[in-house]
Every structure is written in structure tokens, then in C-alpha cells.
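One structure is given below, encoded as C-alpha cells.
It should be emphasised that the depicted structure is a prediction, and the values quoted were computed from it without experimental measurement.
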Amino acid sequence: MSHGLSVATLCACAVRFSFLCAVLFSPLSLFSQSNPIVFGDRETLPVGNKVNAAFLEDVNADGILDILSLVGEPGISAVMYTQLGLGSGNYSAATSQPLTVGFPWSVAVGDFNEDGNADAIVSDLLNASVSYLSGNGDGTFTIEPRLIQGWNGGNPQVLARDMDDDGHVDLVGANFFGSQMLIAWGTGIDDPIDAFEPVTVIEVSGYPTSIDVADLDLDGDLDLCCGLNAGSGGGVAVSLATGVRTYDTEVREIGGMPGAHWSVRAVDLDGGAPELVSVGEGDGLLGIFPLVDGLPQLPITYPISVDARHLDTADLDLDGNLEIVVRDTINGEYQLLRGLGGYDFLPELMITDDPVSFCPVFLEDLDFDGRVDLFSANYGEQTTSLHRNLTLTGVPFRRGDVNLDGSTNVADAIYHLAYLFGGGGDPGCFDSADINDDGGVNISDAITLLESLFGGGGSLPEPTGDCNIDPTDDTLECDDNGGTCP
């Protein structure tokens, strides 16, 4: 459609009468918008039997996370399967390592004997025995006897941490039957008896099903927290470090969440001290327990699936706020709570194509694309699952809306030309001003827009109409406060 003006005439007029820009281009406030969080369809890796839990650890020191899957229960031999990471989210075939425990449930990975290789200690859900696996450096292990004086159980979760900052890796665990949190002090000595000093026991007022370690009161020492079982009233508990290898009496907060807390995480949501984030299985709630001087307070709660058990947190869309992902044990679904900053979250996404599972959830960048992916394992299906994070990162904008007024018209061409030739202001979004999507901002962009509007030049490159992320990788960006989408 022709309007009787050539592109050249319009360009000349726009440059000559740049005073018009001052009228058309009053400053606009910019509002940030969040990009939809998108995960790809699940990719599965076969494992030899029903998986109780799978964990991500680098066991061959190549900088790539590997998969350790635990199998074993009455009637099924106990085995740890290792799948080495090959990069780009790909893994080797599973190799098996027999275990001495009967019901393997958690694994702690660290260089316990200080030979430079990653070792693994596998705990038993039902009793106090552990399998000590000395790492060979190539992702394989040799099983060895280790006496841990005072270790008790069963142990639904174990962690490898240097709790007393002495340079030796310690073993931290939850003793479900004994209502205790345990710390076995590592010595770094490669010996069946002297590998650990006797265990420190911290009594708790319930049956712990999960445990985590963090500096909860910001005094420089690592503290303990745990989630408690429904049979003992649920909730979370904290024990603060009071000195070298000493801990204060447990402080517990149930806060209306009496379900089983199989996944407690100490994580900083608001840029201050950590908070405790936990799921109460059976409650239908996710709880964020603020800490005051390291002690838990009444939680802020969000409704989730009543059968949710495990969670993890990460910044999935790279906007600076953490998201929370929980998994339902009955139908395998994942629920995502989008972080809006601090304790504010919004339900956004449900992933429904995974089978039944009670396995932990992990958010890690497994394909090295800078975005955190979703990983878990599946009990009945005998597989592990990877959902790649496909979320587009960047600021949403509308191509050609150079003056940020929410539409694309001749005023945008005039603004663009005034910026180039008439002393006009910078575009608030250079992505939007890159009208022909060639990675630069120049006269050809204004010509492309004018030809699209008046010269039959066809539609502009996406995104047009509705705001979206630039599908083309370039160095252009929008204003830090937002794009062209008020």
C-alpha cells in the first residue's frame, strides 16, 4: 500500500525536522517482565533396577557432574550405579558397584582419605551400617571397611562437610530412629579404625528425615538443621554451633506443618541470613521458615500438592530471584513456584510427564548452557530423568517500538532517525531499535521499518505484536529496568 511518500523523502523529513522528536518522545517508565520458564520434554537414562535416590556429584574430577543412583531393598541386591557425565547433558552407560548396606538411601561424596580422589559413603535407611567406597579417581570405587564409633541409624540423609574447619571432611547424618543429628569427625587417615573420631550426637525432639548444614546465625560457624517426620509432629529444628564441635539445644518450629519433612534446605532467599525451606508431605504446604538469630520462626506457606516430598531451589530464569521446584511422590509431577523476590512466589508451571517417584530433586546446569536444568530419578520406571531448561533469557521487547509507546508506527522511525542524525535520545531498548535484526542499529533499520509500513516491505522480524525475547543471539540489550512492554 502506497501513501504517496517515498522512503527517502520520509527519512529526509525526519532528519530535517528533528524538533518533532522532542514532541513525540517524552520519557517513558520501563517495567521489567519475567520470561516464561520452559523445560524440555524429559530425557531418560536407564538404570538397572528401582531407584531409591539418585545424586549428582563429580566423582572423576573432570568438572562434569556424574549420576550416582542407589538401588536396593528386601529382595533386590544393593547397588550404586554410576553414570559419568560426558558434557552437554550426556552420560555414559551405568556401571554397578555392589554395596554392603541393605536399603541404600543417601550418599555423601568427599575426599575422606585425602588421596585426591572423591570417595563415597552410602547410608542405610533402616540401620546404622554404611558402605564406604574409596574412589579410584576414574569414577570407579573400591569398597573398604570403616568403623565409625557412635554412628547410629537408620540414616535417610548423609552429607560430606568440613564442620569444624580443620581441613578434614566430616560425615553428617540424620538418625531417624534415635531422634538425633550426627557428626562423625573425619581425620583424613586412610585406616579402618582411625578414619573418623567418635561421633558427636545432637538430640532432637522428633524423628529426622532430612538434614542440612549452613551458617544459620551468620557467626562464621556451620550450624545444623533438620526436617522431622509426621509421626513425631513434623516441622523443622535447628541446632546452632556454640564452639568447636559443640552445639546448642535444638529449637523446633512446626508452624502448622505436621507432615513428614523429607527435604529441608537452608537457602538465602532475601539477601540476608538463610531461611529454611521445606515441604510437609501430607500437609499440602511448602513452608519458608525465617530465622531470627539463627532460630526458626512461624513459616510463610504456599499451597502445593499434598503428596509433594522433595524440593530444590535455583534461579531458573536468571532474573536474580530463586525459584522453588517440588515433586509429587504419587504421580511424579513437578510444581514450580516462581520467585518474585524475597519470600514472594507465584505458582507458574507444572511438569506432568514423569512417573511415580519419591526420589530427591536437583536443579543443576547439566548441559553447560548457563541455565539450570531439572534432574530426578524414577522408582517404578527404573530410570533417571533430565528436563533441560529452555527458558529464554533477556528482556522482553517488541521489535520496532523504538520510542517505547507500546506500538510500532512512523513515530518510531522518526525517533530512530533522530537518534542517528538529529541529536535525539538513545533508544530505551537497542534490541527493539535493531529493526532488521542484523545485530546493529543504523539507517537500514529505519528504512526497514518505513518500507514495512509504507513500501510493501513485509513484516518485521520477531518479536512483533506481543512482547517476547530476542530469538537472535547478539550483543544488543534493553534497559536494565525493562524492555518495551509497560
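- Here the side chain of R399 pairs a donor or acceptor atom with the backbone of E462 at under 3.5 angstrom.
- With values rounded to the nearest 0.5 angstrom, L182 atom CG is found 7.5 Å from I211 atom CD1.
- Between D212 and L276 there is no side-chain heavy-atom pair separated by less than 4.5 Å.
- No side-chain donor-acceptor contact under 3.5 Å links D124 to the backbone of G154.
- The main-chain N or O of E333 is never found under 3.5 Å from a side-chain atom of T352 such that the two would form a donor-acceptor pair.
- Contact detail for P299 and G287: the closest heavy-atom pair is CB-CA, 4.2 Å.
- With a 4.5 Å cut-off on side-chain heavy atoms, F345 and I300 do not count as touching.
- Of all the heavy atoms in A128 and W151, the pair that sits closest is O-CD1, 3.2 Å.
- Here the side chains of Y132 and F112 are in contact, with some heavy-atom distance below 4.5 Å.
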- prompt: Can you list the steps and then say if L374 with L316 is a side chain to side chain contact (heavy atoms under 4.5 Å, CB included)?
  reply: CA-CA 10 Å; L374 173 60; L316 297 175; over 6 Å; no
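- Distance check, rounded to the nearest 0.5 Å: CG of L346 to OH of Y302 gives 9.0 Å.
- The closest donor-acceptor contact from the side chain of N229 to the backbone of A260 lies at 3.5 Å or more, if one exists at all.
- Judged purely by distance below 3.5 Å, without hydrogens or angles, the side chains of S385 and N378 pair a donor atom with an acceptor atom.
- A search for salt bridge (Lys or Arg N to Asp or Glu O under 4.0 Å) contacts involving R42 returns D354, E381, not counting sequence neighbours.
- More than 12 heavy atoms of other residues, nucleotides or ligands shown are found within 6.0 angstrom of CG on L86.
- If you run side chain to side chain contact (heavy atoms under 4.5 Å, CB included) between R338 and each of L349, N321, D317, only D317 comes through.
- Between the side chain of R309 and the backbone N or O of C359, no donor-acceptor pair lies under 3.5 Å.
- Between I351 atom CD1 and H387 atom NE2 the span is 5.0 Å, to the nearest 0.5 Å.
- Scored by the side chain to side chain contact (heavy atoms under 4.5 Å, CB included) test, L390 finds V38, R388 as partners (sequence neighbours excluded).
- In this structure, the side chain of D66 engages the main chain of G85 through a donor-acceptor pair within 3.5 Å.
- With sequence neighbours left out, E275 forms a side-chain hydrogen bond (donor to acceptor under 3.5 Å, both in side chains) with Y343.
- A heavy-atom distance below 4.5 Å is found between the side chains of T100 and I143.
- Neither side chain, T313 nor R265, offers a donor N or O lying under 3.5 Å from an acceptor on the other.
- Each of T200, D162, D164 was evaluated against W185; a single residue qualifies, T200, per the side-chain hydrogen bond (donor to acceptor under 3.5 Å, both in side chains) test.
- The heavy-atom pair separating C226 from V204 by the smallest distance is SG-CG1, 4.2 Å.
- Using modelled atom types and a 3.5 Å distance limit, the side chains of T329 and D307 yield no donor-acceptor pair.
- Within the 3.5 Å criterion, the main-chain N or O of D41 finds no donor-acceptor partner in the side chain of E43.
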query: V51 and Y81: side chain to side chain contact (heavy atoms under 4.5 Å, CB included), yes or no, with the steps?
result: CA-CA 10 Å; V51 185; Y81 288 97; over 6 Å; no
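- Smallest separation of non-hydrogen atoms from A120 and V109: CB-CG2, 4.3 Å.
- Here CG of L269 is found 10.5 Å from CG of D344. Values are rounded to the nearest 0.5 Å.
- Taking the side chain as every heavy atom from C-beta outward, V244 and T246 never approach each other to under 4.5 Å.
- The CG atom of L366 lies 7.5 Å from the CD1 atom of I67; values are rounded to the nearest 0.5 Å.
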task: Please assess D365 against D373 for the test side chain to side chain contact (heavy atoms under 4.5 Å, CB included), listing each intermediate value before the final yes or no.
output: CA-CA 5 Å; D365 182 6; D373 307 303; 3.7 Å; yes
- prompt: Can you check side chain to side chain contact (heavy atoms under 4.5 Å, CB included) on R252 and S232, steps first, answer last?
  reply: CA-CA 12 Å; R252 181 176 181 177; S232 57; 4.2 Å; yes
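- Atom OG of S305 and atom CG of D328 lie 3.5 Å apart (nearest 0.5 Å).
- Among F103, Y207, W105, the single residue meeting the ring-ring contact (aromatic ring centres under 6.0 Å, His included) criterion with F176 is Y207.
- With contacts defined as side-chain heavy-atom distances shorter than 4.5 Å, the pair P296/L291 qualifies.
- Considering every non-hydrogen atom in both P104 and V71, the closest pair reads CG-O, 3.2 Å.
- Looking at every heavy atom in both residues, W262 comes nearest to P156 through CZ3-CB, 4.1 Å.
- By the neighbour-count criterion of 12 heavy atoms within 6.0 Å, atom CG of D115 is densely surrounded, having more than that number from other residues, nucleotides or ligands.
- Residue R245 is tested with D170, D166, D221 for a salt bridge (charged side-chain N to carboxylate O under 4.0 Å, His left out); the sole match is D166.
- Within the 4.5 Å cutoff, side-chain heavy atoms of L224 are placed close to those of I183.
- The only member of D191, D194, D190, D119 that meets side-chain hydrogen bond (donor to acceptor under 3.5 Å, both in side chains) when paired with R146 is D190.
- Between F289 and M257, the closest side-chain pair of non-hydrogen atoms falls below 4.5 Å.
- For the pair S69 (side chain) and A54 (backbone), a donor-acceptor distance under 3.5 Å is absent.
- Of the N and O atoms on the side chains of N90 and S88, not one donor lies less than 3.5 Å from an acceptor on the other residue.
- In this model, a donor atom of one side chain and an acceptor atom of the other lie less than 3.5 Å apart for Y379 and E73.
- Put simply, the side chain of N136 never gets that close to the backbone of D138: no donor and acceptor are under 3.5 Å apart.
- Remark: the backbone N or O of V101 is paired with a side-chain donor or acceptor of S131 at under 3.5 angstrom.
- Remark: the T82 side chain and the Q97 side chain contain no N/O donor-acceptor pair separated by less than 3.5 Å.
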